[in-house]
Amino acid sequence: MFFHPRESMIARVGARPLLAASILAADFARLGEAIQEAEAGGADWIHLDVMDGHFVPNLTMGPVVVEACRRITRLPLDVHLMVETPRRYLAAFVSAGADRISVHVEADGDLAETLGAIRDLGARPGVAVNPETPAEAIQHVLMSVDTILVMTVHPGAAGQAFLPDVLPKVRELRSRRDQIHSAAILAVDGGINAATAPQAARAGAEIFVAASAVFAHPRGIAAGVAELRTAVESDSA
Ligand code: DX5
Ligand code: ZN
């Protein structure tokens, strides 16, 4: 497992926004090369969207895909669990090589306990919030997470349109986070591209998760990462 202790420090001083390439829009017939292109293009994390057909209707990937990714990249593997009973799968994802695991506040089980279990297993816990869930719902765990993952689409699929109505919540969570001096870094996920990422950056986001804008970019994966980088760095500077 690879830890990157400088990440949160970098994000907190605002020096460099982080880009997480979500493989959901990658060509799974050539997943290894796609990830290596994202890494060479400057992606900071690889984001894996796990869906169980219950928490969201879609079914995607499990620990076997995390394990395959672990073999071809040293980038942190950021696993986003869109599953009803996350607790059941934590050990399998950590053994497969997950560095970070985010679970939804809307999922089953005691959230604080699930987050504690992730940390006990040696990974960095994160909490994810659906668009309609208010900021207060995660106030009690802001000190115990490393990532706050704000969904800017309804989870379930890549390629959906960014929901600008979520921006006030991004702003609110950024200010709550700053107020209590939590070390958590603030991520946005869904519909992120060169046009929407700067809006999220202005609202206080520090990590930008993107699938389509990276893996389905018309000029290729590295161009997709570069375009996002330019968008967030020129705007949040
Ligand atoms: C949505 C997932 C996102 C998704 C983003 O359920 O959590 O990570 O892959 O896809 P784009 O960037 O295409 O909206
Ligand atoms: Zn995701």
Side-chain angles (χ1 to χ4, degrees), residues 1-13 18-23 44-52 55 60-67 69-71 73-130 133 135-151 155 170 173-174 176-189 204-209:
M1 190 177 310
F2 303 98
F3 283 108
H4 299 261
R6 290 186 61 239
E7 277 166 24
S8 47
M9 206 170 74
I10 292 168
R12 292 306 298 275
V13 297
L18 299 178
L19 302 181
S22 166
I23 64 169
D44 299 291
W45 297 357
I46 299 300
H47 181 93
L48 296 98
D49 288 309
V50 176
M51 304 184 192
D52 68 348
F55 185 77
T60 55
M61 59 195 91
V64 68
V65 178
V66 175
E67 193 273 326
C69 294
R70 182 70 300 157
R71 280 187 275 118
T73 181
R74 291 181 63 89
L75 291 181
L77 298 181
D78 179 39
V79 173
H80 176 191
L81 293 183
M82 284 158 278
V83 306
E84 210 165 67
T85 51
R87 189 73 187 263
R88 197 180 285 173
Y89 304 102
L90 301 178
F93 280 104
V94 174
S95 312
D99 298 288
R100 322 184 65 104
I101 299 182
S102 293
V103 297
H104 272 264
V105 59
E106 304 87 1
D108 288 347
D110 183 287
L111 178 63
E113 275 178 32
T114 306
L115 296 168
I118 295 169
R119 205 179 286 287
D120 290 346
L121 286 163
R124 294 175 179 270
V127 63
V129 271
N130 280 342
T133 303
E136 303 84 84
I138 60 166
Q139 180 70 29
H140 64 300
V141 296
L142 291 186
M143 289 307 283
S144 42
V145 291
D146 286 19
T147 316
I148 303 163
L149 184 64
V150 180
M151 295 309 300
V170 174
L173 282 167
R174 173 62 187 257
R176 284 172 184 250
R177 195 273 324 256
D178 290 350
Q179 213 163 26
I180 62 170
H181 305 290
S182 157
I185 39 183
L186 189 59
V188 282
D189 182 9
E206 299 153 318
I207 308 177
F208 302 84
V209 180

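Just so it is clear, the values below take in all heavy atoms, side chains as well, and ignore hydrogens, waters and symmetry mates.
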First locate atom NE2 of His140, then atom CG of Leu111, and finally report the distance between them rounded to the nearest 0.5 Å.
-> 5.0 Å

Shortest non-hydrogen contact between Val150 and Leu186, atoms and distance | CG2-CD1, 3.9 Å

So, for Ile46 and Leu48, which heavy atoms are closest and what is the spacing to 0.1 Å?
-> O-CD1, 3.8 Å

Report yes or no: does Arg177 contribute a side-chain atom to a donor-acceptor pair with the main-chain N or O of Ala184 at less than 3.5 Å?
-> yes

Identify, with sequence neighbours excluded, every residue that meets ring-ring contact (aromatic ring centres under 6.0 Å, His included) alongside His47.
-> His80

Just jot down the side-chain contact (heavy atoms from CB on, under 4.5 Å) partners of Ala187, sequence neighbours excluded, or say none.
-> Thr147, Leu149, Ile207

Please name the residue in the list Leu19, Leu77, Leu18 that meets the side-chain contact (heavy atoms from CB on, under 4.5 Å) test with Trp45.
-> Leu18

Using side-chain contact (heavy atoms from CB on, under 4.5 Å) as the criterion, list what pairs up with Ala135, not counting sequence neighbours.
-> Lys169, Glu172, Leu173, Arg176

Check for a donor-acceptor pair, side chain of Asp146 on one end and backbone N or O of Gly126 on the other, with a separation under 3.5 Å.
-> no

Using side chain to side chain donor-acceptor pair (under 3.5 Å) as the criterion, list what pairs up with Ser102, not counting sequence neighbours.
-> none

Under the 3.5 angstrom rule, does the side chain of Glu106 hit a backbone N or O of Thr133 as a donor-acceptor pair?
-> no

With sequence neighbours left out, the residues meeting side chain to side chain donor-acceptor pair (under 3.5 Å) with Thr85 are none

Sequence neighbours left out, what pairs pass salt bridge (Lys or Arg N to Asp or Glu O under 4.0 Å) with at least one residue falling in residues 81-91?
-> Arg87-Glu113

Sequence neighbours excluded, which residues qualify as side-chain contact (heavy atoms from CB on, under 4.5 Å) partners of Ala91?
-> Leu121

Rounded to the nearest 0.5 Å, the CG atom of Leu142 sits from the CD1 atom of Ile148 at a distance of 5.0 Å

Please report the shortest heavy-atom distance between Leu81 and Pro86, naming the atom on each side.
-> CD1-CB, 4.0 Å

With sequence neighbours left out, the residues meeting side chain to side chain donor-acceptor pair (under 3.5 Å) with Ser22 are Asp49

Carboxylate-amine/guanidinium proximity below 4.0 Å for Asp99 and Arg70 | yes

State the CG-CD1 distance between Asp78 and Ile23, to the nearest 0.5 angstrom.
-> 11.0 Å

Between Pro63 and Ala96, which heavy-atom pair has the shortest distance, and what is it?
-> O-CB, 3.4 Å

Val50 vs Tyr89, side-chain contact (heavy atoms from CB on, under 4.5 Å): CA-CA, chis, key distance, verdict = CA-CA 11 Å; Val50 176; Tyr89 304 102; over 6 Å; no

Residue list, ring-ring contact (aromatic ring centres under 6.0 Å, His included) with Phe55, at least two apart or on another chain | His104

